[in-house]
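Before any comments, here is the structure.
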Amino acid sequence: MEEKHYVIVGSGVAAVHAAKAIRDHDGEASISIYGEESNLPYNRIKLSKGLFTDLHSDKVLIKKEKWYLENRIKVQSGTSITDIDPDKRVATTGDGQNVPYYKLLLCTGAANRKLNMDGASLRNVHNIRDMTDADKLKSELQSGNRICIIGGGVQGVETAWSFIEAGYHVTIVEAAPRLMSRQLDEQASTLLTQRIIGLGADVRLGQGVKCIRGTDSVQGVELEDSTILPCEHVVYSIGIIPNTDLARKASIHVQSGILVNENMETSTAHVYAAGDAAEYLGKVEGLWGGAIEQGKIAGTNMTGTPVAYQRSVPVTLFNAFETPLFSIGMVDEEQCDNSLTHLVGELYTRIFIKDDSIVGVISFEGAAASLSYKTAIEQRITLDGIDLAHSTIKEIIGEVMKRSQK
Ligand SMILES: Cc1cc2nc3c(=O)[nH]c(=O)nc-3n(C[C@H](O)[C@H](O)[C@H](O)COP(=O)(O)OP(=O)(O)OC[C@H]3O[C@@H](n4cnc5c(N)ncnc54)[C@H](O)[C@@H]3O)c2cc1C
């Protein structure tokens with residue numbers, strides 16, 4: 001019998017976890033990961049959180065080379081897949097090799113949304129998606145440079161902190177009225193902004209950028225109110241666009257991302273998708289944890305063991321500007337029945353309640369404290385019978401945890 005060949009396109013975290021799941025269920029088959037980047041799969045998150053650490057160290061790899069050898073997973077780095085023929089079950093590499101597959105998984109990830117304004121193509125306008133972007137940015141920085149960060153989401157704020165720690169002057173520009181508006185409510189965002197300013201960054205809120213000024217290289221950023229912020233570099237972080245070209249070319253159904261069902265199957269037989277490239281129930285998750293889980297589910301299904309993907313509660317663990325915090329689940333007060341806030345000094349916690357259970361939390365505590373809240377939210381443990389008006393959040397979560405163990 002011909003050997004089964006599982007082919008994974010893309011070499012990010014979804015690919016690694018899919019390959020592991022395939023190997024866990026099938027000890028014999030051959031597994032190949034094709035990645036256009038030259039590195040072994042690495043922890044992409046480090047590109048912002050650890051921008052000035054040694055990004056080429058083995059510590060940044062998701063798995064060391066030995067693991068791939070032991071598990072007989074072939075990583076074809078520096079090799080892109082440019083075409084798929086689902087009828088013949090063949091993928092074609094950039095240098096024209098035809099690779100037959102038994103099952104194919106698209107883990108092509110996403111690209112950063114590009115900035116579209118005058119000056120966006122000037123030298124020293126950066127965005128960070130891969131190792132090459134990070135290396136290029138660092139090689140172009142000079143001591144004393146001023147950096148303008150466009151986009152005050154999690155990635156923008158964490159990148160800003162990396163620059164501040166490395167001694168650069170930073171301004172964060174955010175068009176929305178507050179930073180990290182998807183994860184934080186107004187009070188939490190204000191507290192964080194105060195700390196950011198206290199640690200030396202400049203923050204401009206509610207101001208879009210009109211254009212980037214300069215002739216050859218960046219000289220400044222002009223805001224909508226015509227304020228000019230002089231700077232030598234711009235780093236923008238304004239969202240992602242899933243990499244779907246390969247799927248589209250093969251007539252696989254695509255909307256924002258490659259459409260998948262709960263088994264991570266695409267519209268085309270024997271072809272699956274997972275991670276930032278995939279869209280499930282109208283949503284591209286764009287998160288590290290989701291990519292891991294989808295990769296696992298895809299790999300398992302590819303071996304013929306049916307398992308359904310269940311989207312987990314979104315968790316953001318943030319630790320920058322000397323401020324650990326987390327935001328879990330639904331934190332939009334308009335979609336909740338009620339919420340409770342607790343502020344002692346600068347330690348802010350707010351829980352969001354709907355249908356008698358906790359559906360979201362924002363807290364300026366470390367990651368370890370997030371676990372109880374995550375359990376409470378995932379298990380939708382009822383608050384019925386708890387005197388919310390006369391209990392602290394700590395007491396409420398204590399009672400909820402007791403209930404979870406029953
Ligand atoms: C700087 C930064 C910070 C982040 N911080 C966080 C965070 O704090 N928390 C969080 O949850 N998420 C974070 N993310 C998002 C997270 O990294 C992604 O959700 C995750 O990496 C998605 O994994 P993936 O395997 O789907 O795709 P990717 O990691 O994008 O990997 C896809 C790979 O496929 C390759 N590829 C694409 N097309 C082809 C092709 N045709 N042939 C061969 N190879 C191809 C790409 O080059 C890439 O290497 C961050 C992302 C960035 C860039």
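For clarity, every value in this text was computed on a predicted model and none was experimentally measured. FYI, side chains are in, hydrogens and waters are out, and symmetry mates aren't considered; it's all heavy atoms of this structure. Numbering starts at 1 and runs along the sequence shown. Ligands are counted one by one from 1 in listed order, and the atoms in each one are counted from 1 as well.
Annotation: ring pair (Phe, Tyr, Trp, His ring centres under 6.0 Å) contacts involving residues 334-371, sequence neighbours excluded, are absent.
Looking at Gln142 and Asn145, their side chains never bring a donor and an acceptor atom within 3.5 Å of each other.
Residues passing the ring-ring contact (aromatic ring centres under 6.0 Å, His included) test with Phe163, sequence neighbours excluded: Phe52. Under the ring-ring contact (aromatic ring centres under 6.0 Å, His included) criterion, Tyr280 pairs with Tyr309, sequence neighbours left out.
Residues Thr349 and Ile362 are not in side-chain contact: their nearest non-hydrogen atoms beyond the backbone lie 4.5 Å or more apart.
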Could you pull out every N or O of ligand 1 that sits under 3.5 Å from a protein N or O, with the distance for each pair?
residue: ligand 1; atom: 8 (O); partner: Lys49; partner atom: NZ; Å: 3.4
residue: ligand 1; atom: 11 (O); partner: Trp288; partner atom: N; Å: 2.9
residue: ligand 1; atom: 12 (N); partner: Trp288; partner atom: N; Å: 3.4
residue: ligand 1; atom: 19 (O); partner: Asp276; partner atom: OD1; Å: 2.8
residue: ligand 1; atom: 19 (O); partner: Asp276; partner atom: OD2; Å: 3.2
residue: ligand 1; atom: 19 (O); partner: Gly286; partner atom: O; Å: 3.4
residue: ligand 1; atom: 19 (O); partner: Leu287; partner atom: N; Å: 3.4
residue: ligand 1; atom: 19 (O); partner: Trp288; partner atom: N; Å: 3.4
residue: ligand 1; atom: 25 (O); partner: Val13; partner atom: N; Å: 3.1
residue: ligand 1; atom: 25 (O); partner: Ala14; partner atom: N; Å: 3.0
residue: ligand 1; atom: 26 (O); partner: Asp276; partner atom: N; Å: 2.9
residue: ligand 1; atom: 29 (O); partner: Arg44; partner atom: NE; Å: 2.6
residue: ligand 1; atom: 29 (O); partner: Arg44; partner atom: NH2; Å: 3.4
residue: ligand 1; atom: 30 (O); partner: Arg129; partner atom: NH2; Å: 2.6
residue: ligand 1; atom: 31 (O); partner: Arg44; partner atom: NH2; Å: 3.3
residue: ligand 1; atom: 41 (N); partner: Ile81; partner atom: O; Å: 3.0
residue: ligand 1; atom: 42 (N); partner: Ile81; partner atom: N; Å: 3.0
residue: ligand 1; atom: 44 (N); partner: Glu36; partner atom: N; Å: 3.0
residue: ligand 1; atom: 47 (O); partner: Glu36; partner atom: OE2; Å: 3.1
residue: ligand 1; atom: 49 (O); partner: Glu37; partner atom: OE2; Å: 2.6
residue: ligand 1; atom: 49 (O); partner: Arg44; partner atom: NH2; Å: 3.2

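Centroid-to-centroid, the aromatic rings of Tyr6 and Tyr101 stay 6.0 Å apart or farther.
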